[in-house]
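Contents: one structure, followed by commentary.
Positions are given from 1, in the same order as the sequence printed here. One-based numbering, in listed order, for ligands and for the atoms of each. Predicted model, so just to flag it, every value in this text is computed and none were measured.
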Amino acid sequence: MRLYNTLTRQREDFAPADGTTVRMYACGLTVYARGHIGNFRTFISLDVLRRTLKYVAGFQVKQVVNFTDVDDKTIAGAQREGLPLAEYTERYIAAFHEDCATLGLEPSEENPRATDPGNIQAMGDMVAALEQKGHTYRSDGSIYFKIASMPTYGRLARLDHEGMQAGAGARVDADEYEKEDARDFVLWKATKPGEPTWDPGIGPGRPGWHIECSAMALRLLGEAPIDLHAGGIDLVFPHHENEIAQSECATGKTFARMWVHFEHLLVENQKMSKSLGNFFTIPDVIGKGYRASTLRYLLLSAHYRSRLNFTWSGMAQAEEAIRRWTDFLARLDAVTGSASHPEVAERVATARQGFDTAMADDLNTSAALGEVFELVRALNSQIDAGTVGQGDVAGIRAAFAHFDDVIGVVSLRAKEDASGGLSEADVERYITDRQEARRRRDFAAADRIRQELLALGVILEDGPHGTRWKRK
Ligand code: AMP
Ligand code: ZN
């Protein structure tokens, strides 16, 4: 298994240190809003990484994905709405779990919240260790990390030395800032009126964003180094640089052996983000009549290290690809004759090998999907030629089940179908039938179709420009 390590800017062989279980951490959602599909490009990429480690490389995985439930943004949001912080973040945590299930993400082993008392204590202990080793100073009740105390600071983000020297000695209190502003960053923020506060033995205050992840990763995954740390590409600086500084100075050990970063989802060539307001949530996409499985396919079909521009035509192409896959599986039901053919088994084995090789090569999903669809094409021609028999079908199905263990789209589609979710095309067919009924003035039939759709969760609205529809 090879992965691109941001730390070395190279593809490297990867296996867990103990040869069995990958101990991995990924930065989770800041719960001040429902996650958008850009956030979920990152979490879907993470899911594909997890599934490849399990089903292709054969490792076990212990995955920790946190909730940032206390930081500048969550506090500001809770204050705006006049709610206690935990009550405010709870609904976005619930929405996250709902969206993950909708997208067919395998659950993480742990989803810690930064504000869990055990985690706050671990943050306090880490800050105390850093103080004791001379990496910190206090000012106005806050505790800062002194970047000049760590000669290797800036290695992940490849900070230029001059910029860093300019920054050393000056402080930054915000959780987010630019690379050009490398500064001594805040570990523990002094209590402010109206803000939540804790005292895990280092004085009253609340954690900075970066210390949260360092403390939770090591508390839940055990001794440094952990095997793998992942997150969106925007987290390289300052977040991950600072996580490394805190963890390595506190423990004296390497923090993570492998750093994986996922590229952004764009809209009209700009990063999809809450602050730009150019985002869709999962319910937005479903409300427009698309299925979550289609979105999952689109978001994983591009390589995780290239940017992806989100378009509705991309969604239509993704839907077409899923149909080709599921239509082929349906066609297997109709195969007759009991014969089996060694050349079919061989063709299937070659595709399976090609798929695994592509996924093990830094998660090359587009090449892996290429193998799947070439196999579909080849087997469709063989079925046409009558050279596929019942004896071949179990082997073919097993290979496609393996592909989908990793891709996770066809099983999700099956779940959507079982739960009565109609596809967009299904709805359009109903609407066409209803229009025909109305044209022949069979209003009873037209009404029946409307009622039927309503029972299936689809509402029709007749207007001057025809019939529009939405889901209940
Ligand atoms: P946040 O809630 O901002 O802390 O983000 C949660 C995760 O989503 C982080 O790993 C971010 O890097 C990632 N992320 C944010 N915006 C995007 C985007 N447009 N495309 C892909 N990942 C993103
Ligand atoms: Zn983090």
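With a 4.0 Å cut-off on non-hydrogen atoms, D234 touches ligand 1 through its side chain and not its backbone. Of the heavy atoms in E263, only backbone atoms (N, CA, C, O) come closer than 4.0 Å to ligand 1.
Ring pair H261/H240 is tilted by interplanar angle, where 30° to 60° counts as tilted. Ring orientation note: the planes of W325 and F400 are nearly perpendicular, at an angle over 60° on the 30°/60° scale. Ring pair F145/H135 is parallel by interplanar angle, where below 30° counts as parallel and above 60° as perpendicular.
The atoms of ligand 1 that sit less than 4.0 Å from any heavy atom of L29 are 2 (O). Close approach of ligand 1 to G38 (heavy-atom distance below 4.0 Å) involves ligand atoms 17 (C), 18 (C), 19 (N), 20 (N), 21 (C), 22 (N), 23 (C).
At least one test fails for R41 against the ring of F262: distance under 6.0 Å to the centre or angle within 45° of the axis. Because its NZ or CZ atom is both nearer than 6.0 Å to the ring centre of Y4 and within 45° of the ring axis, R305 counts as a cation-pi partner of that residue.
Assignment of A26 to the shell around ligand 1 is not supported, since no heavy atom sits closer than 4.0 Å.
The shortest N or O to N or O distance between T42 and ligand 1 is below 3.5 Å. Inclusion of T30 in the set of residues having an N or O under 3.5 Å from an N or O of ligand 1 is warranted. Here's the thing with I233: none of its N/O atoms is less than 3.5 angstrom from an N/O atom of ligand 1. In terms of polar-atom proximity, N39 is counted as a contact of ligand 1, with an N or O under 3.5 Å from an N or O of the ligand. Inclusion of G231 in the set of residues having an N or O under 3.5 Å from an N or O of ligand 1 is not warranted. Looking at L235 next to ligand 1, no N or O pair under 3.5 Å apart turns up.
Looking at H239, E176, K271, H261 and measuring to atom 16 (N) of ligand 1, the nearest heavy atom belongs to K271.
Closest N/O/S atom of H239 to the Zn ion (ligand 2): NE2.
For F310 and F280, the ring centers are positioned less than 6.0 Å apart.
The Zn ion (ligand 2) lies at 2.8 Å or more from every N, O or S atom belonging to H240.
What sits closest to atom 20 (N) of ligand 1 on the protein, heavy atoms only, is L265 N, 2.8 Å.
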